[in-house]
Each structure stands twice: as structure tokens, then as C-alpha cells.
Protein chains: 2
Amino acid sequence: MLKAAFREVKEIIRDRIVEGVWKPGELIPNEIDLAVEFGCARATVNRAVRELAEEGLVERRRKAGTRVLASPVRRAQFEIPIVRKEIESQGQIYRHAVVGQKVNKAPDWLRARMNLDIGALALHVTCVHYGDNNPYQFEDRWINLAALPHAADADFTKTGPNEWLIEAVPYSDAEISFSATAADKELASYLDCAVGDPLFLAERSTWWRGDAITYVRMTFQRGHRMTTKY
Amino acid sequence: MLKAAFREVKEIIRDRIVEGVWKPGELIPNEIDLAVEFGCARATVNRAVRELAEEGLVERRRKAGTRVLASPVRRAQFEIPIVRKEIESQGQIYRHAVVGQKVNKAPDWLRARMNLDIGALALHVTCVHYGDNNPYQFEDRWINLAALPHAADADFTKTGPNEWLIEAVPYSDAEISFSATAADKELASYLDCAVGDPLFLAERSTWWRGDAITYVRMTFQRGHRMTTKY
DNA sequence: TAGTGGTCTAGACCACCAC
DNA sequence: TGGTGGTCTAGACCACTAT
């Protein structure tokens with residue numbers, strides 16, 4: 001058997017959908033009929049169709065059956081690597097420099113975002129990540145000291161705050177968002193670009209069982225792109 | 001049974017990993033032992049651990065066993081909706097305006113990108129998508145007329161080119177990339193912003209079995225963000 | 001209420017690959 | 001070459017929900 005049976009079944013069904021044999025909005029045969037047609041067990045068909053549903057090509061409901069989606073929900077998936085690995089995977093030499101590290105009272109916007117009490121303390125760390133000595137990313141991070149008190153004493157010169165955090169604490173939830181921003185004077189100097197240049201910005205908040213861990217703004221060098229196939 | 005058994009098993013294993021019971025780099029027990037421990041069938045354990053592997057938390061190899069990954073590969077997933085649905089899902093009223101539609105000889109950069117022959121014809125369509133009459137996205141699209149000859153006669157005033165394409169042709173491969181760009185004069189006028197403003201840009205190429213279908217640049221209004229949880 | 005998908009089981013055989 | 005995961009099967013019961 002060259003392929004697993006459920007993969008074969010999956011491909012056949014996928015082809016029938018993209019070729020229009022089963023059109024958007026229509027029902028496809030039920031699992032038992034498909035199992036008979038393909039000469040396999042119902043569980044095999046189930047796995048094939050279940051995976052197609054996870055990919056957003058069909059929609060399944062008990063009793064109602066399996067329906068071909070009119071406009072398949074397309075999903076793109078991005079890997080979120082550690083910046084060091086991202087740089088090294090491009091064959092460049094990584095280094096980073098900590099340019100700021102201070103304990104602050106969390107500003108209001110941060111308290112709102114991370115759901116912190118009034119007067120809560122946060123560690124503010126900023127650093128620049130380089131690939132082959134060219135600035136690659138400016139990292140502007142806040143760490144909730146109520147959740148991670150020993151972060152205050154950490155040394156981020158050897159291990160960057162991102163990698164330090166990964167080893168120090170797991171997280172249960174994360175939210176990431178991407179946008180465009182204009183370089184201000186600080187960004188322009190760290191990222192070696194002009195004030196006003198359009199820069200790609202990623203922001204991430206992470207949580208561990210309801211407690212905010214960290215919020216970080218990662219601003220990339222001019223011309224940075226995030227690409228994926230799907 | 002409140003939860004499916006395989007989900008329970010999955011959560012227990014996930015907890016043991018994040019709690020450090022099974023540490024990064026270590027092997028976890030094999031499927032048979034886990035099945036005995038949890039009092040279920042091996043297939044149930046298999047599904048649980050297989051899904052954890054798909055999520056990037058563990059790595060599985062025959063004979064070698066299942067290993068906890070040192071730095072779990074984090075993946076963020078974005079849904080790529082049709083712009084009309086994206087706008088409508090925000091409770092806004094959608095409309096679009098076609099601002100350009102012309103058959104051209106494909107320029108060199110496009111021929112290189114889409115792998116077209118010299119002299120190949122492409123349809124160039126531009127349009128603006130509005131939410132509640134505010135500009136939301138500027139769409140700048142090229143369609144390969146060798147692959148889709150009847151696109152030349154299409155009327156995009158009722159159905160935008162993106163939705164028209166979805167109905168007209170499936171695709172087997174797509175590549176999408178995100179970046180930041182500065183508004184030029186044309187973008188500034190269509191998106192009602194200042195020249196030089198930083199804008200979020202998405203570019204997508206789609207293919208059907210080796211043939212390029214379309215390439216599109218989607219530039220969003222100022223301040224646009226793309227967000228997801230993971 | 002009946003039809004459909006969701007899940008589980010016990011057992012089986014196979015493919016891979018570290019040893 | 002033996003241990004591990006990968007897959008398949010036949011059958012069963014259950015959960016949801018359209019009708």
C-alpha cells in the first residue's frame with residue numbers, strides 16, 4: 001500500500017469537491033455509503049472526512065450530514081519561532097543587545113491590557129536583535145512581576161528575554177497581532193532606518209491560567225515580510 | 001462522560017508536560033503503557049498523542065518513541081476570509097468600487113513571479129472595498145488570462161474579483177505574505193490617508209496544478225490589525 | 001424519532017528504525 | 001531484529017438534531 005487508505009480516500013473526496021462533482025452547498029454521501037464505495041471501514045472514511053472538515057473544506061453535523069462549504073474557510077498557518085532561530089535559519093549570525101531594563105509601575109495602558117492591579121510592578125526590557133550585525137528586530141517587552149517575581153533579577157545579556165521566558169514559564173493562552181507602524185526616533189535609531197519608515201509590527205500577550213505573563217512589541221527591520229504557503 | 005476520552009487523555013498529558021512531569025527532551029511512556037494507565041484502548045491514546053504531535057508539543061518516531069520537544073513549535077493560524085465577509089462580520093455595510101480594469105501585457109516582474117511566457121496577457125483589476133462607506137482595503141489584482149481566458153469579459157461591479165475567482169476556479173496552492181508599506185499617492189487617495197502613512201499589506205499568489213491563476217496586493221486602511229489567539 | 005456523525009474497543013498487521 | 005508508532009477493521013454505543 002503506497003499511501004495510507006485514509007489519505008487516498010481523503011484525496012479522492014477532495015478532488016471530487018474541487019472538480020465540482022460535489023458542489024458547494026451540497027451534501028456528500030454519508031460515511032457508511034462512502035465506506036462501501038471505497039471498500040474500507042467506516043472509521044477510515046471518518047478520519048478522511050474529519051480532516052477535510054478541519055481544513056475547512058466541508059462542514060459536518062450529526063443527522064444533517066456532511067456539506068461542501070460554499071466559500072471554503074482558508075487558513076494560513078505561521079510558525080512563531082524564537083528570533084534567534086529565525087535569524088540562524090537564514091544562515092546569519094545572531095546576537096542581541098539589551099538596551100534597557102528597569103522595574104516600573106505598570107502604566108495604565110498596560111494595566112488595562114494585562115488586567116493588573118493599580119500600582120502593580122512590571123519589568124520593562126528593551127533589546128535589539130541582530131543578524132550578521134544588522135538590526136533585525138527591536139523587542140520592547142513588559143513582564144508582570146506579580147506572576148514572575150524572579151524576572152527582576154534575571155540577566156538577559158546571555159539569553160534574551162524571549163528565550164528566558166520560554167524556559168521560565170509555560171503559557172496557556174497567547175494572542176498575537178500584526179500591523180504596520182511608522183518608525184519613531186527611537187525605532188529609527190535602533191533599526192537603522194529613517195523616521196517615518198513603515199515597519200512591520202508584531203504584538204503578543206501571553207497568559208498562564210488567567211494571569212498575564214508578558215506583553216511584547218516586536219518591530220522588524222524595514223522590508224520585513226512574513227510568508228507562508230497554504 | 002463529559003468529555004471524549006481522548007480529549008481527557010490529551011489534557012492530562014499536556015498538563016504533565018507543561019507542569020514538567022515529563023521534561024523537554026524526555027521520552028514519555030509508550031502507547032500501550034499509557035492505555036493501561038488510563039484504562040482505555042491504545043487507539044484512544046494514539047489519537048490524543050497524535051494531536052499533541054500535530055500541535056507541535058511532542059515528536060513521535062517509530063521505535064524511538066514519543067519525545068517532549070524542547071522548544072515547542074508555536075503556530076498561529078489565521079483565517080483568510082473574503083473581504084466582504086470580513087467587513088460584514090464587523091457589522092458594517094459592504095460595498096466595493098472597481099476603479100480600473102484593463103488587459104495588459106504582463107510586466108516583467110509579474111512574469112517572473114507567475115512564471116508567464118513573454119508577451120503573455122494579464123487582466124489588471126483594481127478596486128476599493130468599503131465598510132460603512134469608509135475605505136477598508138485597496139485591491140490590486142492581476143489575473144493570468146492564459147489560465148482564465150473568460151476573466152477578460154467578467155463584470156466585477158456586482159461581484160468583486162476575489163469572490164468571482166473563488167467561484168470560477170479552485171486553487172491547489174497559495175502563498176501569502178504580510179508586510180508594511182508606505183502609502184503612495186494612489187493609495188493615499190483611495191484609502192483616504194496621507195502619503196507616507198504606514199499601511200498593512202497582504203500579497204497572495206495562487207496556483208492551480210502548476211499554472212498561476214492570480215496575484216493580488218491587498219493594502220489595508222491605516223491602523224488595520226490582524227489578530228489571532230493560539 | 002430516526003439518521004448521521006462522534007467515539008471507543010480489542011485485536012490485528014505493518015513500517016520504520018534504533019539498537 | 002524487536003519495540004514502537006501507524007493504520008485498519010468490525011462492531012458497538014452514544015450524542016446531537018433535522019424532520
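What you see is a predicted model, and the numbers here were worked out from it, not measured in a lab. Quick note: numbers below take in every heavy atom, side chains included, and nothing from hydrogens, waters or symmetry partners. First the proteins, then the strands, lettered A, B, ... as listed; each starts at 1.
B:Thr66 has a side-chain polar atom (N or O) that falls below the 4.0 Å cut-off from OP1 or OP2 of D:dG5. For the pair B:Arg61 and C:dA18, the criterion of a side-chain N or O lying under 4.0 Å from OP1 or OP2 is met. Here A:Thr44 does not reach the OP1 or OP2 of D:dT7: none of its side-chain N or O atoms lies under 4.0 Å away.
At a threshold of 4.0 angstrom between heavy atoms, the contacts of B:Arg47 are confined to the sugar-phosphate backbone, with no base atom among them. When heavy atoms are screened at a 4.0 angstrom cut-off, A:Arg7 is found touching the sugar-phosphate backbone but no base atom.
With C:dT7, D:dG3, D:dT7 as the choices, the nucleotide that has an atom nearest any side-chain atom of B:Arg42 turns out to be D:dT7. Distance from the side chain of B:Arg62 is smallest for D:dT4 among the nucleotides C:dT7, D:dC8, D:dT4. In the set C:dG6, D:dG6, C:dC17, C:dC17 carries the atom at the smallest distance from any side-chain atom of B:Lys63. When each of C:dG6, C:dA10, D:dA10 is scored by its nearest atom to the side-chain atoms of A:Arg60, the top-ranked nucleotide is C:dG6.
The base of C:dG5 lies outside donor-acceptor range of the side chain of A:Arg50, with no N or O pair under 3.5 Å.
Nearer the 5' end of DNA chain D, as judged by each residue's closest nucleotide, is the contact made by B:Asn46, out of A:Ala64 and B:Asn46.
A donor-acceptor pair under 3.5 Å is formed between the side chain of A:Lys23 and the backbone N or O of A:Gly20.
Between A:Trp207 and A:Tyr215, a ring centre-to-centre spacing not shorter than 6.0 Å is recorded. Checked against the 6.0 Å centroid criterion, the rings of A:His96 and A:Phe156 do not qualify as a close aromatic pair. Remark: aromatic rings of A:Trp164 and A:His150 are close, center separation under 6.0 Å.
Using a cutoff of 4.0 Å between basic side-chain nitrogens and carboxylate oxygens, A:Arg50 and A:Glu55 are not scored as salt-bridged. Under the 4.0 Å criterion applied to side-chain N and carboxylate O atoms, A:Arg60 and A:Glu51 are not assigned as salt-bridge partners. Salt-bridge check for A:Glu37 with A:Arg16: passed, with a basic side-chain N closer than 4.0 Å to an acidic carboxylate O. Of the charged side-chain nitrogens involved, none lies within less than 4.0 Å of a carboxylate oxygen, so that A:Arg67 and A:Glu59 do not count as a salt-bridged pair.
Across all strands shown, C:dC19 forms no Watson-Crick or G-U wobble pair with both key distances under 3.5 Å.
For residues 14-24 of chain B, proximity to DNA chain D is found at no residue, defined as any non-hydrogen atom under 4.0 angstrom from a strand atom. Annotation: proximity of residues 27-39 of chain A to DNA chain C (heavy atom, distance under 4.0 Å) is found for A:Asn30, A:Glu31, numbered in ascending order.
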